[in-house]
Colleague: 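Quick one: the structure is below, questions incoming.
Proteins get letters first, then strands, A, B, ... in listed order; numbering begins at 1 in each. Please read all numbers here as calculations on a predicted model, not as lab measurements.
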2 protein chains.
Amino acid sequence: MSQSDPLREQIIARFDAMSAQLQQAARYVLEHPEEVALVSMRELARLAAVQPATMTRLAKVLGFQGYNEIRAYYAETVRKRNDGFAAKVRQRDVETTSTPESDIAHHMLHGISAQIAALCEPEPLQCLTAMADRLAAAKKVYVLGLRSSHVVAWHFHYVMSLLGERSVHLDGPAGTGGDALIRAKPDEVMLVVSIKPYAVDTLVLAQLAKDKGLAVLSITDSEVSPLAGISEHTIYCATDSYSFFHTLTPALAVSEVLCTLLAELDRPSALKALQDADDHLAHLNTYSNTLPRRV
Amino acid sequence: MSQSDPLREQIIARFDAMSAQLQQAARYVLEHPEEVALVSMRELARLAAVQPATMTRLAKVLGFQGYNEIRAYYAETVRKRNDGFAAKVRQRDVETTSTPESDIAHHMLHGISAQIAALCEPEPLQCLTAMADRLAAAKKVYVLGLRSSHVVAWHFHYVMSLLGERSVHLDGPAGTGGDALIRAKPDEVMLVVSIKPYAVDTLVLAQLAKDKGLAVLSITDSEVSPLAGISEHTIYCATDSYSFFHTLTPALAVSEVLCTLLAELDRPSALKALQDADDHLAHLNTYSNTLPRRV
DNA sequence: AAATTATTAAAACAAATGGATCATTGTTTT
DNA sequence: AAAACAATGATCCATTTGTTTTAATAATTT
């Protein structure tokens, strides 16, 4: 944790040149960095047995404009520690020839990367495998995701359709998307993808599926998502990004993992299905490695 | 991280019984617990887009005497986490109950996370901003991505259509997808997404666009992709994953970054466009926070 | 020892914070 | 349709906050 904390280094460097009171304040800050972020300046002064004004002076000695800058620094440290890569981030920021644009891009990508890494925790991993098992056991899978979540739903359906014929994408023109549910039976399941703001149609169809006795499995963004209550299994993925929009990238990663696990659960037939698809597409000359020659 | 946090559980338990505003506040607290400890109540309210008083009310609803008790609770959590931090890291590797399934998932997620993190290097960042600038300068953007790349193309188009009307998705039934190019003009550009194996139709349309004088911008997987040669700007993203399938998650991340940069380049009108979209969808009752009551 | 400087404590201040009140709005019930 | 209710937003208040100023004290130099 302590390695490569520039402020800490600076405090140590200037420590000997400080007055007695400043040293006492600095010492407390060094030994309890997180308290700086957690309590008020006066409270901190009380804890360090120092006058409030001393903290302000310490800030100035260290080249800050005011005490709040010290606090902001340590608050940031606490935040960074949350997403693992704390040390790396600060290093990078220095070296990057940062335009405002590339800064935004950098922030976003870093954040998304961390959010996906967070899915490697035991808990989400367990949810993933459990959901994959449930999907594998189902006779048919209805896939539902509207608006922005369409991305994820479509991807899942596309890959599943390469693997076999158990997937039905609930999507269609003129509001016909839900029609496939008409003949849904209880030994089938629905995979719903929805993040805030939740599309009404999604919620309606999910509830309908549940009422029909289907198991609802969902990929959503929060324990308090309306989907959480009606789902047999739920996978939560972060959607915050440093931009106007929510990110669906972690959700797409989840979908990819689910597809892989499903294929993995029946490796032989997955291989067979993919081979068939390959052959089919090869016949149609769907793919190529070179630009087409003009004719 | 999240397991065994009694307050968190309690918030989730009472969530459904809360009013809309309380839910919004509670949701933010759930998703950013450390912020509660790090910023003032008013600041937090601002972040959660809620009135300051709502935070006080949330505290009371949860059985606290006042807001400060919530803050104290989360401050304590941050302190606790600090202690257990080093220890946990060491434990992690040991305790993981690794089934073969969860191992695969773990590998995949870790890999994808790293691939996205790799985009934070100066070179890809520069490509991203350059491409965003070029997109911003274009009169119109034709978006093309078939088969698996459809995911990325669709996402880009969807977000762009929220931002304005400069985007045309080259997709349609019965092979009509390319028709929109009929009236394409040289001051327009084409954004192509394609990874190996490259769909022939994609290559044909990209070449056609280039012949018509459009600038081709591409998101692809390699310097030796057929798209690389005909593109004015190219962004390369990894697609390897520990599975049968290639991953499109990094490509989606790229798309999200591009959209954000584009919005950022003309912040005021982006905000306006998003506001208009919001209003429109609100009128149509597109979104909801709760499950629909059966009628 | 006197003069000067640097350090500290105390007091004063404006800005912000958390909390309470009340009018208004939107919903449900009658 | 009216009445009752809960939810929300706006305003106000007493505290607390970070900072500055002033006065007192200690340390240093001459």
Colleague: To the nearest 0.5 Å, tell me how far A/R183 CZ sits from A/K185 NZ.
Modeller: 9.5 Å
Colleague: From A/L227 CG over to A/I219 CD1, what is the distance, rounded to the nearest 0.5 angstrom?
Modeller: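 CD1 of A/I219 is found 10.5 Å from CG of A/L227.
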Colleague: For nucleotides 14-18 of chain C, which of its nitrogen or oxygen atoms have a protein nitrogen or oxygen under 3.5 Å away, and what is each distance?
Modeller:
| unit_1 | atom_1 | unit_2 | atom_2 | d |
| --- | --- | --- | --- | --- |
| C/dT17 | OP2 | B/S40 | OG | 3.2 |
| C/dG18 | OP1 | B/M41 | N | 2.7 |
| C/dG18 | OP1 | B/R71 | NH2 | 3.3 |
| C/dG18 | OP2 | B/M41 | N | 2.7 |
| C/dG18 | OP2 | B/R42 | N | 2.9 |
| C/dG18 | N7 | B/R42 | NH1 | 2.3 |
| C/dG18 | O6 | B/R42 | NH1 | 3.4 |

Colleague: Kindly say whether B/S113 contributes a backbone atom to a donor-acceptor pair with the side chain of A/S113 at under 3.5 angstrom?
Modeller: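 Checked: pair present.
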Colleague: Please determine, for D/dA14, whether a Watson-Crick or G-U wobble partner exists with both distances under 3.5 Å, and give it or none.
Modeller: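 Base partner found: C/dT17.
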Colleague: In whole angstroms, how far is the C1' atom of D/dT19 from the CG atom of A/L58?
Modeller: 15 Å
Colleague: Taking atom types as they are modelled, would you say the side chain of A/R57 forms a donor-acceptor pair with the base of D/dG18 within the 3.5 Å cutoff?
Modeller: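 By the distance-only test, no, there is no pair.
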Colleague: In whole angstrom, give the distance that lies between atom CE of B/M18 and atom C1' of D/dT8.
Modeller: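 One finds 16 Å between C1' of D/dT8 and CE of B/M18, rounded.
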Colleague: Separation of B/Q21 atom CD from C/dT27 atom P, in whole Å?
Modeller: 13 Å
Colleague: Categorize A/A20 for me: base, sugar-phosphate, or nothing, with a 4.0 angstrom heavy-atom threshold over every strand shown.
Modeller: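 Sugar-phosphate contact only - A/A20 comes under 4.0 Å of backbone atoms but never of a base.
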Colleague: Would you call B/K80 and B/D5 a salt bridge, using N to O less than 4.0 angstrom?
Modeller: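 Salt bridge flag = no for B/D5 with B/K80.
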Colleague: With a 4.0 Å limit, can you tell me whether B/K60 has a side-chain N or O closer than that to the phosphate oxygens OP1/OP2 of C/dA20?
Modeller: yes
Colleague: Nearest-Å distance, CD (B/Q51) to C1' (D/dT11)?
Modeller: 11 Å
Colleague: Between A/E35 (side chain only) and A/L44 (backbone N and O only), is there a donor and an acceptor less than 3.5 Å apart?
Modeller: no
Colleague: Starting from P on C/dA9, measure out to CG on A/L22 and report it in whole angstrom.
Modeller: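 The answer, rounded to whole Å, is 11 Å.
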Colleague: According to salt bridge (Lys or Arg N to Asp or Glu O under 4.0 Å), who are the partners of B/D276, at least two apart in sequence or on a separate chain?
Modeller: B/K272
